[in-house]
Amino acid sequence: MPKFFILLLLAFVAHAQEQKRVAILNTEDDNAPPLEYTDLLYLTEKLREIALKVLPENKYFVMTTQSIIDKMGSKENAKKVCKEAQCVAEIGRKISVDYIGQARLRRFGGNLAISMELYHSARGNLIGSFTGESKDVSDLLVVLNKEAPQMFGKMPGAFGGSKVHSTSVEGGISGMQKTAAYEVDEEKRYLVNLSTEPSGAILSFDGEPSASCAKTPCKAELREGNVRIKAALDQYETADTTVLVSRNNQNIVIKLKPNFGVLEIKPAYLDGIGQNTQWSLSINGKPYSLGEINLSQNKYSVKLSHECYENVAFDAGINKGKREIFDMANNITLKKGGLILSAEMNGEPASEPVFVNGKQVGETPFSGSIPLCAKIEIGKNKEAVDVKLKYNEKIKHTHKSRLPQNDGECKVQSSVAIINTVDDSESPIEYVQLNSLTDKIKLTASNVLPSKCYTIMTTQSIIDQLGSKENAVKIVKEASTLAGLGRKISADYVAQARIGRFDKNLTINLELYDSKSGLLIGVISGSSKDISGLFSIINEQASIFFKKLYQPQSGGDCKGQTQNSMAILKTVDNGDPEIEITELSYLTDRIKLAASNVLSNRCYAIMTVESIIDKLGSMENAKKVSKEAQNVAEIGRKISANYIVQVRLGRLRGNLTINMELYNSKSGVLIGSFSGSSKDVSGLLSIIDKQAPILFKKLYSTNAKN
């Protein structure tokens, strides 16, 4: 073979090795119906023609449709590969081409829209892309002639959009062929800082995720040039953008568009009424908390309810990226009830000023509409009116007051000891909060009790009586009864509050005793979601509570009989599992409260738990007697109680049941009873508060008959 032909063959082989294969896939139309096949084929051929003009022949080989089909085996296999491939770059790798591109058609606003993407097959990098639109297929050629040269011009060694023709010259050396030097086909890379607003989005680069930059903010190494970045975040539209990467430490910030709107509800309370109870909010029947709520674009039905206010309902249309604000201050109305109020002073009708939430609204006799949850007071000293209003109903009430003994003149001044509040739970509230409750009780006693008749002992004076703080703590802990503690510190009267837990709420039980006789003068019992609610209970009830020291209870005449003893046994739960002991104790306290409010302490002495145990010898013996007794009346006789009460809990069809019985211990006669059921333990309280006072009032009618 002549040497010339050998050199020519080697040059041809070297030339073929240097060429990069470029595949332009058939243009696809995603619409229905699509364009004619001949139109789509013409657009594809136009793209190949532009590629041939822009790309140097010695470096790039633009494949024909038939050569692409040959690579895939057949036309049918070509369609199958294109359908199953995840991306265009994957097809490029399957047919072993260096670069691959494809155009796709869609419809936008009645126009034809074309988009073209060109990828490096091995790396999957987006080399370039363009989009455009026209009214018809003919005008798409204008888009291709304008945009395609610039896209192909981004490829290494391209002419930048037009062929460069060398100008012929006369003479000199020409036709020289030389093998090009080896160049590394690798793009330059930069370290960039990526962030999104808001942060936390998941990123991908040219369709590939990055392990080092999974969520924003983060850093990533990206190739130089246009990089396609996608950012996805829950409740936000996915951002799909192309960014030009050109330097190290480049900051790239992608702002995400919210896929939701915001409904903001501003809570309000008129004159502070009901602010200790939260509004209940439901949107399309689903509960939400007040404040800013993210909702998808739609129309919603919103409902607000509160025990002290009329229900509020409205529709809210929510749009993406928009905020709707509902200010409750201008849209709420207090629930009201009718009140017909009279006043008596020492049994005589009296005209007294009436106050609602601190503002005078008239004087007795008074009638008017009052907010359901308002604070009602009467008289110059603003005594709390113990009346429960009913929604849209009329209530008649007479407030009875008595002047202090001998108009404030007392023969002997009595001492009152307020013992530090105790929290019986396993996780007690802070010591400083317990002290605050104790101080509040002392303040109420000081405001109510005439100073000429009663002196409130200080904490220090109580400690002095017991010798030291350490000794005081020990004696308080070991005292068998609160009245016994009062006798140790030489107090005529003694009171103490105890904190517990009931149905996830805080409970308070405050008892006031005559130290000498051990007589229970009064009880306060209530529950609240938080410590602030306990202060409200003290504010509302403690003034009435301390007035019992010098205002004998009404509600029956003993008719010369001696004082009767009343034993209220601890509530028993026969269910399995039992409810917590703190909740059982609170139910017992509420029954004791009902008895204290109804029964005159001149006629009935309510026995303490400690005095009942003392009568039976010990706690163990008390449990044994309760277990072995044939009936409750028998226990009453053993502890020398004239009357005895016991409450038992059970279960019926998934509900809690309650049964309370009141017996005459001597005769064993059942004076009265009540029973009821509830879905939860809170419902049992409602049954006790409603039925127990009616039951205890039967004692007066029973004694009258006897």
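If you read the sequence from its start, that first residue is 1, and numbering goes on from there.
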Legend entry - From Ile658 atom CD1 to Leu649 atom CG, the distance as rounded to the nearest 0.5 Å: 5.5 Å
Legend entry - Straight-line distance of Ile671 CD1 to Glu661 CD, nearest 0.5 Å: 11.5 Å
Legend entry - Arg637 side chain to Ser665 backbone, donor-acceptor under 3.5 Å: yes
Inset, instruction - Ignoring hydrogens and angles, state whether a donor on the side chain of Thr458 or Ser461 is under 3.5 Å from an acceptor on the partner side chain. - result: yes
Inset, instruction - Taking only Lys NZ, Arg NE, NH1 and NH2, and the carboxylate oxygens of Asp or Glu, determine whether Arg498 and Glu511 approach each other closer than 4.0 Å. - result: no
Inset, instruction - Could you tell me which non-hydrogen atom of Gly668 sits nearest to which non-hydrogen atom of Tyr663, and how far apart they are? - result: O-CD2, 3.6 Å
Inset, instruction - Flag the pair Asn435 / Thr459 as yes when at least one side-chain heavy-atom distance between them is below 4.5 Å, and no otherwise. - result: no
Inset, instruction - Taking the six-membered ring of Tyr391 (Phe, Tyr or Trp), confirm whether the NZ or CZ of Lys335 is under 6.0 Å from its centre and within 45° of its axis. - result: yes
Legend entry - Donor-acceptor contact present, side-chain Ser415 to main-chain Asp492, <3.5 Å: yes
Legend entry - side-chain contact (heavy atoms from CB on, under 4.5 Å) between Asn311 and Leu304, intermediate numbers included: CA-CA 6 Å; Asn311 293 342; Leu304 289 157; over 6 Å; no
Legend entry - Heavy-atom pair with the smallest gap, counting every atom of Tyr309 and Leu270: OH-N, 2.9 Å
Legend entry - Test side chain to side chain donor-acceptor pair (under 3.5 Å) applied to Ser351 and Thr364, step by step: CA-CA 5 Å; Ser351 179; Thr364 56; 4.6 Å; no
Inset, instruction - Check whether any side-chain N or O of His306 sits under 3.5 Å from a backbone N or O of Gly274 as a donor-acceptor pair, and report yes or no. - result: yes
Legend entry - Smallest separation among heavy atoms of Leu695 and Gly672, with atom names: CD1-C, 3.1 Å
Legend entry - Main-chain N/O of Tyr586 paired to Thr507 side chain as donor or acceptor, under 3.5 Å: no
Inset, instruction - Go through the steps for Ser677 and Thr657 under the test side chain to side chain donor-acceptor pair (under 3.5 Å), then give the verdict. - result: CA-CA 4 Å; Ser677 67; Thr657 62; over 6 Å; no
Inset, instruction - Taking the side chain as every heavy atom from C-beta outward, state whether Leu334 and Leu372 have any atom pair closer than 4.5 Å. - result: no
Inset, instruction - Measure the OG-CD distance between Ser675 and Gln691 for me, rounded to the nearest 0.5 Å. - result: 8.5 Å
Legend entry - Criterion side chain to side chain contact (heavy atoms under 4.5 Å, CB included) against Ile499, the qualifying member of Asn509, Asp423, Val422: Asp423
Legend entry - Polar side chain donor-acceptor pair, His399 to Glu344, under 3.5 angstrom: no
Legend entry - Full working for side-chain contact (heavy atoms from CB on, under 4.5 Å) between Lys638 and Ile644: CA-CA 11 Å; Lys638 285 182 179 292; Ile644 188 166; over 6 Å; no
Legend entry - Heavy-atom side-chain proximity of Leu506 to Arg501 below 4.5 angstrom: yes
Legend entry - side-chain contact (heavy atoms from CB on, under 4.5 Å) between Leu670 and Leu662, worked out: CA-CA 6 Å; Leu670 177 65; Leu662 171 62; 5.7 Å; no
Inset, instruction - Measure from the side-chain N and O atoms of Ser342 to the backbone N and O of Pro365, and report whether any donor-acceptor pair falls under 3.5 Å. - result: no
Legend entry - Worked check of side-chain contact (heavy atoms from CB on, under 4.5 Å) between Ile340 and Phe366: CA-CA 6 Å; Ile340 300 174; Phe366 170 86; over 6 Å; no
Legend entry - Close side-chain approach of Thr588 and Ile568, heavy atoms under 4.5 Å: yes
Legend entry - Test item: Asn357 side-chain N/O and Lys375 main-chain N/O as donor-acceptor pair under 3.5 Å: yes
Legend entry - Flag, side chain of Ser515 to backbone of Ala491, donor-acceptor distance under 3.5 Å: yes
Inset, instruction - State, yes or no, whether a side-chain contact exists between Ile531 and Leu437 at a heavy-atom distance under 4.5 Å. - result: yes
Inset, instruction - Spell out, as yes or no, whether a donor-acceptor pair under 3.5 Å connects the side chain of Gln496 to the backbone of Asn420. - result: yes
Legend entry - Any Val647 side-chain heavy atom under 4.5 Å of Asn659 side chain: no
Inset, instruction - Check whether any side-chain heavy atom of Phe674 sits under 4.5 Å from a side-chain heavy atom of Ile694, and report yes or no. - result: no
Legend entry - Contact summary for Asp589 and Ser525, nearest pair of heavy atoms: CB-OG, 4.0 Å
Legend entry - Val312 and Lys303, any side-chain heavy atoms less than 4.5 Å apart: no
Legend entry - Nearest atoms (heavy-atom pairs only) where Ile441 meets Ala497: CD1-CB, 3.8 Å
Inset, instruction - If the plane angle is over 60° it's perpendicular, under 30° parallel, otherwise tilted; pick one for Tyr269 and Trp279. - result: tilted
Legend entry - Between CG on residue Leu656 and CG on residue Asp573, distance to nearest 0.5 Å: 7.5 Å
Legend entry - Residues Asp689 and Lys388 bridged, charged N to O under 4.0 Å: no
Inset, instruction - Look up atom CZ in Phe502 and atom CG in Leu684, then write down how far apart they are to the nearest 0.5 Å. - result: 6.5 Å
Legend entry - Minimum heavy-atom distance Leu510-Ala495, with the two atoms named: CD1-CB, 4.3 Å
Legend entry - SB check Arg487 Asp514 (cutoff 4.0 Å): no
Legend entry - Rounded distance [0.5 Å steps], CG in Leu685 versus CG in Asp680: 9.5 Å
Inset, instruction - Evaluate whether atom CD1 of Ile581 has more than 12 neighbouring non-hydrogen atoms of other residues, nucleotides or ligands under 6.0 angstrom away. - result: no
